[in-house]
Amino acid sequence: MKQENIRNFCIIAHIDHGKSTLADRILELTGAIDKRELKEQMLDSMDLERERGITIKLNAVQLTYTKNDTEYKFNLIDTPGHVDFSYEVSRSLAACEGALLVVDASQGVEAQTLANLYLALDNNLTILPVINKIDLPSADPEKVINELETIGFLRDEISLVSAKTGQGVEELLDKVIEKIPAPKGEKSAPLKALIFDSLFDSYRGVITSIRVMDGEVHVGDIIKMMETEAVYDVVSLAVNTPKEKEVQALHAGEVGYLYASIKSISDVHVGDTITLESNPAHDRLPGYKPMKPTVYCGIYPIESDRFEDLREALNKLKLNDAALVFEPETSKALGFGFRCGFLGLLHMEIMEERIEREFGIDLIATSPSVVYEVELTDRTKVIVDSPVKMPKREVISKTYEPYVNCSIFTPKEYIGSLMELCQDKRGTFLNIDYLDSERATLHYELPLSEIVYDFFDRLKSCTKGYASFDYEIIGYKESDLVKMDILLNGETVDALSVIVHKDFAYSRGRIVCEKLKQIIPRQLFEVPIQAAIGSHIIARETVKALRKDVLAKCYGGDVTRKKKLLEKQKEGKKRMKQIGSVEVPQEAFLSILSTRE
Ligand SMILES: Nc1nc2c(ncn2[C@@H]2O[C@H](COP(=O)(O)OP(=O)(O)OP(=O)(O)O)[C@@H](O)[C@H]2O)c(=O)[nH]1
Ligand SMILES: [Mg+2]
């Protein structure tokens, strides 16, 4: 197909504003999918996405659309809206010439609407503003039009649609054809294809998603990855329609999958440029800026002999999620594992779940920690992304922690309890915007570490789930921080150490000890639990000894019954980790998170 009939665009928006639902309507209108086969949010194909009702991964599909007897090819990319997955958005943008910026007609412009808009502008994309959900009784399109006007859009370029009923979607596609420029790759130039995503498939190896910028690639070509210099034969090429359809070639302007029986995962870097070995391009495409993690935690296999499996799982997941970073780490308590960095708490939770589900490895994750900066007495600066790396108190002169600007969107009646919560969390009040007589947005400055603790749970419970929040990191501030250790049976458990604000150390120490007392099952001996700062013990609890002989009940010789009981006991132990002489369940590592009594 001629390039002038191709349109590459993505859908971007704040979370839940209806991107995937709009994609459904576009799939339907272009006849890509039979109405009977259509599921809601069709492109959310991962189980996790469907269960949670959110998009986690970018998803590219190729559609054919005929208008006035001309056939057009749309390459559409649906992106996630949650801030933790914004790397998926920025990678999608680089593969497109245009973006549909969707705004919920009842919610209006929100934090990620703007963040994604700026990302798209940075990539020089043509942006079509779309107001969605106009069918909702609470929709206020006029107000949202005003908001869009203040950020620089013109009234008559804004489309009004309902992704639910389909109203306005056909007109939107006409605008896509009219307004979004066709790709302008040079067909005869040497091949340059951007790897914007990749995936490990156990049958076919590494699959790369590519956008051909210049030239063309054919099945059988010998390709070269420009950054890693790996060379491979192209085994097959395909497009997602959303059924996979094999093709013989991909040309300038097109998007598709490339299979090359890639053996070594490390040969593939998302953001790298693919060219032909025989006729290579001179320079690489700009690729992507790596993302900086904001939250770190240690991840350990419960069964220590699965460490290598875990390494492989992380390597494979990294192909599919370029924002993940990890490096090996050892813990005295937990053995060999990895220190992993994530873009946020949801990202962390999703990755842990994917490792357990997709690779069947049971994990222990230590409590998440933010990245601290420590200035030593000799003026050098140290970056501390794990409590274990905290220098000794004697050599520390100043400690700094990351702060965020937090906006909490809430019905009016919860303002009081939210202010209390933010005070509790060392917050500084900035201001409050009343959106109308019922709703307001509270702005606070908070330490990121307080959000990593139980902020979200408490926010939900004090507003019955009606409030939502968003934050952006604003930089580092000096703060009086100490490392708090937890000792079990007199031994420091490095995986339970946390960095806390000095004023909160005592209360948190006490709460953690109490929690651990409830969680750690009784053992054959007494187990003291202590919290300490340096050599100074600040809290203590004791788990009483217990002698429990499960087989005592089975007098007589009923072997099967005995076996069953032992099996049952073994199951219960599966999620336990032996630390020194004490058996500790997985929850113990998360108990550090909870600050509530
Ligand atoms: N009434 C109404 N509901 C809609 C419309 N579009 C989407 N929704 C609903 O809004 C919710 C979120 O829709 P999604 O399409 O999953 O939103 P999304 O933007 O893809 O969300 P993320 O990918 O997680 O950021 C779902 O419950 C949809 O059914 C619409 O036009 N009208
Ligand atoms: Mg979605």
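Throughout, residue positions are numbered sequentially from 1 according to the sequence presented. All of these numbers come straight from a predicted model, not from anything done at the bench. Worth knowing before you read on, the calculation uses all heavy atoms, side chains too, and leaves out hydrogens, waters and symmetry mates. Counting convention: from 1, in listed order, for ligands and their atoms alike.
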### Query
Has Ser20 got an N/O/S atom less than 2.8 Å from the Mg ion (ligand 2)?
yes

### Task
Evaluate the side chain to side chain donor-acceptor pair (under 3.5 Å) criterion for residues Gln41 and Thr21: first the C-alpha distance (whole Å), next the side-chain angles of each, then the deciding distance (0.1 Å), finally the verdict.
CA-CA 5 Å; Gln41 289 96 34; Thr21 311; 2.9 Å; yes

### Task
For residues Tyr65 and Tyr72, establish whether the separation of their ring centroids is below 6.0 Å.
no

### Task
Look at Glu51 together with Arg357 and state whether they make a salt bridge at an N to O cut-off of under 4.0 Å.
yes

### Task
For ligand 1, would you mind listing the residues that have at least one heavy atom less than 4.0 Å away, ordered by chain and number?
Ile15, Asp16, His17, Gly18, Lys19, Ser20, Thr21, Gln41, Ile54, Thr55, Gly81, Asn132, Lys133, Asp135, Leu136, Ser162, Ala163, Lys164

### Query
Which pairs pass side-chain hydrogen bond (donor to acceptor under 3.5 Å, both in side chains) with one or both residues in residues 141-155, sequence neighbours excluded?
Glu142-Arg155, Glu149-Arg155

### Task
Decide, counting backbone as well as side-chain atoms, whether Thr55 has an N, O or S atom less than 2.8 Å from the Mg ion (ligand 2).
yes

### Residues Glu349 and Arg52 bridged, charged N to O under 4.0 Å
yes

### Query
Do NZ/NE/NH1/NH2 and the carboxylate oxygens of Lys57 and Glu49 come within less than 4.0 Å?
no

#### Entry: Salt-bridge contact Glu28-Lys39 (side-chain N to carboxylate O under 4.0 Å)
no

